[in-house]
Amino acid sequence: MDYLESLNSAQKEAAVNTEGPSMVIAGAGSGKTRVLTYRIAYLIQKGVDPFRILALTFTNKAAREMKERISNIIGSSEARNIWMGTFHSIFARILRMEAEKIHYPSNFSIYDTQDSRNLLKSIVKEMGLDDKLYKPAFVQNRISAAKNNLISPKAYREHAEIMSDDEVGGRPKLVEIYYEYNKRLFKAGAMDFDDLLYKTNVLLRDFPEVLHKYQHKFRYLLVDEYQDTNFSQYLIVKKLAALNENLCVVGDDAQSIYGFRGANIQNILNFKKDYPDYNLYKLEQNYRSSKNIVGAANSVIEKNRDRIKKDVWTSNDEGEIIRVVRNLSDNEEGLFVANDIFQEKNNAQLDNKSFSILYRTNSQSRSMEEALRKLNIPYRIYGGLSFYQRKEIKDLLAYYRLTANPNDEESLKRVINYPARGIGKTTLEKITIKANELDRSMWEMMTTYRDQLDVNSGTKTKLANFVTMMKSFSAQLQSEEAAALAEHIAKSTGLLRELYADKTPEGLSRFENIQELLNGIKEFTESNRPEFDGRKPTLSDFLLDVALLTDADQNDDDDNKVSLMTIHASKGLEFPYVYIVGLEENLFPSQLSLNERSELEEERRLFYVALTRAEKKVTLTYAMSRYRYGSLNYCEPSRFIEEIDTKYVDLPEVEERRPASSFDDTPWGGLGSGGGNSYSRGSNFKRKSASRKETSGGAVPRNLKRVSQVPTTSRKTIVSGSVVVGTKVSHAKFGMGKVVNLEGESPNEKATVFFPSVGQKQLLLKFAKLEIVE
DNA sequence: TTAGTTCGGGTTTTT
DNA sequence: CCCGAACTAA
């Protein structure tokens, strides 16, 4: 077991003390995954049966990679037998096996966020409630929070505080929606994401023999990213670990970024209470990042009040100082980043995969993508609209789900008239109403109780045809292999034909996506995973797998690409060069976090996570204006920038009297022209932020201030209307040029100007202080 | 019933 | 800006 020698003493202690409860508090980049990997490898080499190890990870990809590493260490494929995966996928598997105990079909459907939102929408409508008040997203969050805290509809009604919250908010009927929502899920044989954990708790609570079975089965429990577990998950772990208490949780309170999803840092603090004689291991040496990055990250996280004291340090090089780059607009921010990556790549002969661009919201990826495409830099976006959320994929999957579980209402509604079969809204409405009346599922109304439907005979025939088709699929569920049945369904429903007929580029790509899905199913059918015990996987096995896939789980054949993702998605990853973009007030930190200290602190932890992804170099960027809701907004730099201890960071110079000089920071300004970007440790920057604290109100007055500033400084410069195509102008940096085009409306007029020295540039008139030459 | 259009409203992060 | 709901015409 010489592999253990590569660990430092704290890591090694954490890896080899396998008995009893232990908690590993692991600073960013401190080799947490290594400890977890080695600990499991060590267990197996000591003779523990892999089937008796349960390891809960944050993504399925993390699980897959860890299994691979363990296999390499122990030199056998035994590792594949470990129960390793996300909470959701592991317990979905267990629920499948135990489903009938809680009166669910073993083929229960898993509703994703969209499905459950649609269901809520129809419930609100059916109950005749105002959907402005009972917004589906709001209702969904409220119910999700309840479920994550194991509050049943009944407990919800009896909870005075919750009920009065709803009352005050003008939503007294929320609890009724919750009741109905659960009822409908049950009737549809479906669970939402939260149910997978909730129902597991019910199962372990109401069936002692089941609890005992799994307590005995799982002799060793490991939980990664413990800081991101919610109460529901906490309780599952506590129950399963109660017998052997061989529980190891690993986490870092400073990286807790899923509070919005019910994650509770208290779980880390409670550990002490639940297991008083636990072992605590602190991993504080960072192996990932340079001294500058570690120092910067530490100086930021110190600003949080709620935290466990930790002293993360590194013996790595000093490294490069953190850059802050200001840009005029979101598009120019993208151009800057793309140009900068291009340059860094050439200077140091680096791979694309050394770079990562991190942002707060998915919508920010667009300007980055466009700029990268312009320079032909290959990139890959993680997250956003994932493959499995695309319409055509969801449509086909809905057929599969309906085949496995005909009561699945959301799937039924999705496909009953796609491709068009003449079963329209009216018919569907009639079925729903009657189904609610008789307390039956829609499917039952279309089969057993079809006579009771008040529809004309033509429609009845159409319904009967649909039912016959679906029944024929269901009949083949057990006999046919997943891949064969999947293809059969795609063809005989007419869905494939429909997409094939569409020759638009989008249609083409939709068709390709379907092919890709079918290929994926084929691959799945041929994989022979231990959980199938040698039997061939069916379509419903595939569905379980697919419902819980994360986008991060997607593999890419060619992985030498720049990575683009949200900071949330970057958790656990590392890159030599990291660009954190959009560092603006109201974006990062998010506008919605500004009212609560706890939420602002979560944003700060998010920033901490972003910084600590980097090994060598961090570049922070922000834009002075950004398109949001389709219109231009002015932005202030994020408070997080100035929270970094100034010795680790280079701030841009801000010349207050000449805002247009920010052109110095534009990509073309910096590109090639060496000293173009002049930064100093910005005292101006500081001064500005001080004034911000005085107006401690919201964003609005600040933005107004910024806008009104502009005209007062534009005496000699071009104002709207004073320039036409052909006008000769002069720019402080680019020299003489000629206007070749004008677009946009005042005050956002954009001029395309040709400069002999640098070529064509797009300039916003109100920023670029152009002087008219003739 | 369908397809095509307009209109209004909403946008954090994710299993 | 992008989506879905509502409306309109065939």
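Numbered from 1 within each chain, the chains take letters A, B, ... in sequence-line order.
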Q: Checking side chain to side chain contact (heavy atoms under 4.5 Å, CB included) for the pair A:Tyr359/A:Leu564: CA distance, chi angles, key distance, verdict?
A: CA-CA 8 Å; A:Tyr359 35 78; A:Leu564 276 69; 3.7 Å; yes
Q: Specify the separation, in whole Å, of atom CZ of A:Phe607 and atom C1' of B:dT12.
A: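 Those two atoms, CZ and C1', are 17 Å apart.
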Q: How would you list, by chain and number, every residue that makes a side chain to side chain donor-acceptor pair (under 3.5 Å) with A:Asp192, sequence neighbours excluded?
A: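 By the side chain to side chain donor-acceptor pair (under 3.5 Å) rule, A:Asp192 matches A:Lys147, A:Tyr181.
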Q: What is the distance, rounded to the nearest whole Å, between atom OH of A:Tyr418 and atom C1' of B:dT1?
A: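 Atom-to-atom, A:Tyr418 to B:dT1, this comes out as 17 Å.
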Q: So, is A:Thr427 near the phosphate of B:dT1, with a side-chain N or O under 4.0 Å from OP1 or OP2?
A: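 Indeed, a polar side-chain atom of A:Thr427 lies that close.
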Q: Classify every nucleotide of nucleotides 1-10 of chain C by which part a protein heavy atom approaches to under 4.0 Å, writing B for the base, S for the sugar-phosphate alone and - for neither, in 5'-to-3' order.
A: BS--S-----
Q: Distance check: side-chain N/O of A:Asn362 vs OP1/OP2 of B:dT14, anything under 4.0 Å?
A: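 Yes.
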Q: Step through the shown structure and confirm whether more than 12 heavy atoms of other residues, nucleotides or ligands are within 6.0 Å of CZ on A:Arg373.
A: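 Correct, the count exceeds 12.
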Q: So, do A:Phe260 and B:dT14 meet the stacking rule of ring centres under 5.5 Å and planes under 30°?
A: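 One would not call A:Phe260 stacked on the B:dT14 base.
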Q: State which residues pass salt bridge (Lys or Arg N to Asp or Glu O under 4.0 Å) with A:Lys32; sequence neighbours excluded, sorted by chain then number.
A: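 If we apply the salt bridge (Lys or Arg N to Asp or Glu O under 4.0 Å) test to A:Lys32, skipping adjacent residues, the hits are A:Asp224, A:Glu225.
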Q: Within the structure shown, what part of the strands sits under 4.0 Å from A:Thr113 by heavy-atom distance: base, sugar-phosphate, or nothing?
A: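 Since a base atom lies under 4.0 Å of A:Thr113, the category is base.
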Q: OP1, OP2 of B:dT12 versus side-chain N and O of A:Thr566: anything below 4.0 Å?
A: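 Checking A:Thr566 against B:dT12: no side-chain N or O falls below 4.0 Å of OP1 or OP2.
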Q: Tell me the interatomic distance from A:Asn141, atom CG, to B:dT14, atom C1', rounded to whole angstroms.
A: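 Going from CG in A:Asn141 over to C1' in B:dT14 covers 11 Å.
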Q: Parallel, tilted or perpendicular for A:Tyr258 and A:Phe260, by the 30°/60° rule?
A: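 Rings of A:Tyr258 and A:Phe260: tilted, 30 to 60°.
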Q: Closer than 4.0 Å, any side-chain N/O of A:Asn417 to the OP1 or OP2 of B:dT2?
A: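 So the side chain of A:Asn417 is within the cut-off, an N or O lying under 4.0 Å from OP1 or OP2 of B:dT2.
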Q: Is it true that the side chains of A:Thr86 and A:Ser89 contain a donor and an acceptor less than 3.5 Å apart?
A: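 Indeed, the side chains of A:Thr86 and A:Ser89 share at least one donor-acceptor pair under 3.5 Å.
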